[in-house]
Amino acid sequence: MQTDLRSHGLWERTAPPAPYAEALYSTIDTDVVIIGAGYTGLSAALHLAQAGYAPVVVEAAQIGFGGSGRNVGLVNAGMWVKPEDFPGVLGPIYGQRLLTLLGQAPDLVFDVISAHAIACEATRVGTLHCAPDERGLSDLTERTRQWARWGAPVSLLGAQETARLIGSCDYKGALLDRRAGTVQPLAYARGLADAAIGAGARIFVNSPVTGMMQSGDRHIIDTPRGQVRAAKVIVATNAYSTGPFAAISDSLAPLPYFNVATAPLSPSMRARILPEGHGAWDTRSVLSSFRMDAAGRLVFGSVGGLGRWDAAVHRDWARREVTRLFPQLAGVDFETEWSGSIGVTATRLPRLHRLAPGVVAMAGYNGRGIAPGTAFGRVLADMTAGHTPDSELPLPVMNLPEPDALRGLRGLIYAVGSGLRHFAGARRPR
């Protein structure tokens, strides 16, 4: 993945090596084939292998190549949608089931990390959702009330305590969610892969799926140099879906997101910025997120890509914004930068699809991939193994996803809008 230094940045530099995997060069018969070696696919492989199955994972590039290896590393509960809005979108039964699943999802992540001794800089002290203005504070007040009704360990912090935990006086308050934490995201993906292999799964990389057809009770998955024949198929490619599964990505609006990271900060700076190790993000429409890695690098991100026309705009804005939040970092440059794409649904909630008999897929984590991806990997494993009927699933099962007619327009709005916002912000007098 080092062929593009802006694809995985800091995470590629600091993650332990991926477990050995080669391309598929033969024909394999198995019970379940999983397309995609991200959190969902690897979690499904791990849970299926632990249940006695022999899953085969086929990955177009490398383990964790998509969003699983590029995100900020915040392990959060829930979604962007407020808890009490879940039933309004999904109905009372599915709304409650999904909220319960996602509320408990960080527990699953950290339990898996502990059980398999995954070296991924896991820190579980909570995350901070920060309010830069009164509107944001009102939103967080309501989110805190709603989560508290569900018994979640959340607190609304005032400006003084927020400033102490962040090291910046920019915020009027923050929602502290103690269920949450941070991980090195690519290291977590590679650790999941190692655990799945250890349980009996097989993983093949550099093997994009070029075709899929059904022959009797078997699904035939073709790659450039090999083939997998399986009774069941799990598609876990989300926003990076291509080839026979392009309909999945076509149903999602692409939201670009970039991150930058400083060199390791001095001990005195580390003692003042996020001193207790919380990950954080804010309530702005073009949000920012920030956290420390294990070596004391500040990782800072926001909406936007790092293409030919917008990289300098976002980089310049990030440098100014970091200095504004943390004046002691004035003059500190960025050591690495990277970006990726988030798949956004119209409802801001994930979707569960049955693409054909025996073929299921997940899509649309809306920027919350680590905990939901791990949890839905287990859901898909149980579903595929026949342990969970459709009537007991946390989401209704939808058919082949319909293309989002406004996908291109919404993606353009995200890309151009964030660029314009950051262009103006980087040049606004402070």
Side-chain angles (χ1 to χ4, degrees), residues 10-11 14 71-78 103-111 113-114 118-132 136-137 140-141 143-144 147-148 151-185 187-188 259-284 287-302 318 321-330 332 335 368 370-371:
L10 174 65
W11 306 141
T14 61
N71 63 83
V72 182
L74 303 183
V75 185
N76 279 316
Q104 298 172 351
D107 287 336
L108 177 61
V109 171
F110 290 105
D111 285 349
I113 290 170
S114 177
I118 297 176
C120 60
E121 303 181 9
T123 303
R124 196 177 192 185
V125 295
T127 56
L128 297 165
H129 195 178
C130 307
L137 187 61
L140 295 183
T141 301
R143 287 179 184 272
T144 305
W147 274 122
V154 296
S155 302
L156 185 67
L157 308 181
Q160 184 174 353
E161 180 64 2
T162 300
R164 185 186 74 81
L165 292 177
I166 292 177
S168 172
C169 296
D170 193 61
Y171 301 106
K172 296 184 177 298
L175 190 166
L176 169 61
D177 189 338
R178 295 176 182 84
R179 297 169 295 181
T182 61
V183 296
Q184 208 277 29
Y188 175 54
N259 289 286
V260 294
T262 68
L265 303 180
S266 68
S268 62
M269 288 183 178
R270 293 175 66 176
R272 296 165 58 190
I273 299 173
L274 298 169
E276 296 185 12
H278 296 89
W281 78 105
D282 62 38
T283 61
R284 292 184 173 94
L287 66 88
S288 300
S289 58
F290 47 96
R291 55 162 296 195
M292 288 284 190
D293 81 339
R297 300 177 182 88
L298 179 67
V299 180
F300 184 86
S302 185
E321 187 68 5
V322 165
T323 301
R324 186 181 70 82
L325 288 172
F326 308 108
Q328 62 268 43
L329 296 185
V332 173
E335 187 179 67
R368 290 286 180 91
I370 301 176

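In what follows, every heavy atom counts, from backbone to side chain, and hydrogens, waters and symmetry copies are set aside. All residue numbers refer to positions in the sequence shown, counting from 1.
Distance check, rounded to the nearest 0.5 Å: CG of Leu175 to OG1 of Thr141 gives 8.5 Å. The CG atom of Asn71 sits 11.0 Å away from atom OH of Tyr188, with the distance rounded to the nearest 0.5 Å. Note that OG1 of Thr283 is 8.5 Å distant from CG of Leu137, once rounded to the nearest 0.5 Å. Here the OG atom belonging to Ser289 is positioned 12.5 Å from the CG atom belonging to Leu128, to the nearest 0.5 angstrom. Atom-to-atom distance recorded for Phe326:CZ and Glu321:CD is 9.5 Å, nearest 0.5 angstrom. With rounding to the nearest 0.5 Å, the separation of CD1 in Ile273 from OG in Ser268 is 9.0 Å.
Residues Asn259 and Val72 form a side-chain contact, since some pair of their non-hydrogen atoms from C-beta on lies under 4.5 Å apart. By the 4.5 Å heavy-atom criterion applied to side chains, Trp147 and Arg179 are counted as neighbours. No side-chain heavy atom of Ser168 sits less than 4.5 Å from a side-chain heavy atom of Arg324.
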Please walk me through it: do Val322 and Phe290 pass side chain to side chain contact (heavy atoms under 4.5 Å, CB included)? CA-CA 9 Å; Val322 165; Phe290 47 96; over 6 Å; no
Trace of the side chain to side chain contact (heavy atoms under 4.5 Å, CB included) decision for Leu265 with Leu329:
CA-CA 9 Å; Leu265 303 180; Leu329 296 185; 3.8 Å; yes
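Between Ala131 and Gly136, the shortest heavy-atom distance links the atoms CB-C, 3.5 Å. Among all heavy-atom pairs drawn from Val154 and Ala148, the shortest one is CG2-N, 3.9 Å. When all heavy atoms of Phe110 and Ala180 are compared, the closest pair comes out as CE1-C, 4.5 Å. Closest approach of Ala119 to Ala187, counting heavy atoms only: O-CB, 3.6 Å. Here the shortest heavy-atom pairing between Asn76 and Ala371 reads O-CB, 3.4 Å. Here the closest non-hydrogen pair linking Ile370 and Val109 is O-CG2, 4.0 Å.
Residues Arg178 and Ser155 have side chains that bring a donor and an acceptor to within less than 3.5 angstrom of each other. If you check the side chains of Thr14 and Gln184, you find a donor sitting under 3.5 Å from an acceptor.
A donor-acceptor pair under 3.5 Å links the side-chain atoms of His278 to the main chain of Val125, judged by distance alone. Of the possible donor and acceptor atoms, one in the side chain of Thr262 sits under 3.5 Å from a partner among the backbone N and O of Leu298. Without hydrogens or angle criteria, Arg291 side chain to Gly277 main chain gives no donor-acceptor distance under 3.5 Å.
Listed by chain and number, the residues in a salt bridge (charged side-chain N to carboxylate O under 4.0 Å, His left out) with Asp111 amount to none (sequence neighbours excluded). Listed by chain and residue number, Trp281 satisfy the side chain to side chain donor-acceptor pair (under 3.5 Å) test with His129 (two or more places apart in sequence, or in another chain). In terms of the side-chain contact (heavy atoms from CB on, under 4.5 Å) criterion, residue partners of Glu161 (sequence neighbours excluded) are, by chain and number, Leu157, Arg164, Leu165. Contacts of Arg284 classified as salt bridge (charged side-chain N to carboxylate O under 4.0 Å, His left out), with partners at least two apart in sequence or in another chain: Asp170, Asp282. Every residue was checked against the side chain to side chain donor-acceptor pair (under 3.5 Å) condition with Thr162, not counting sequence neighbours, and none meets it.
For the salt bridge (Lys or Arg N to Asp or Glu O under 4.0 Å) condition, no pair includes a residue of residues 260-275, sequence neighbours left out.
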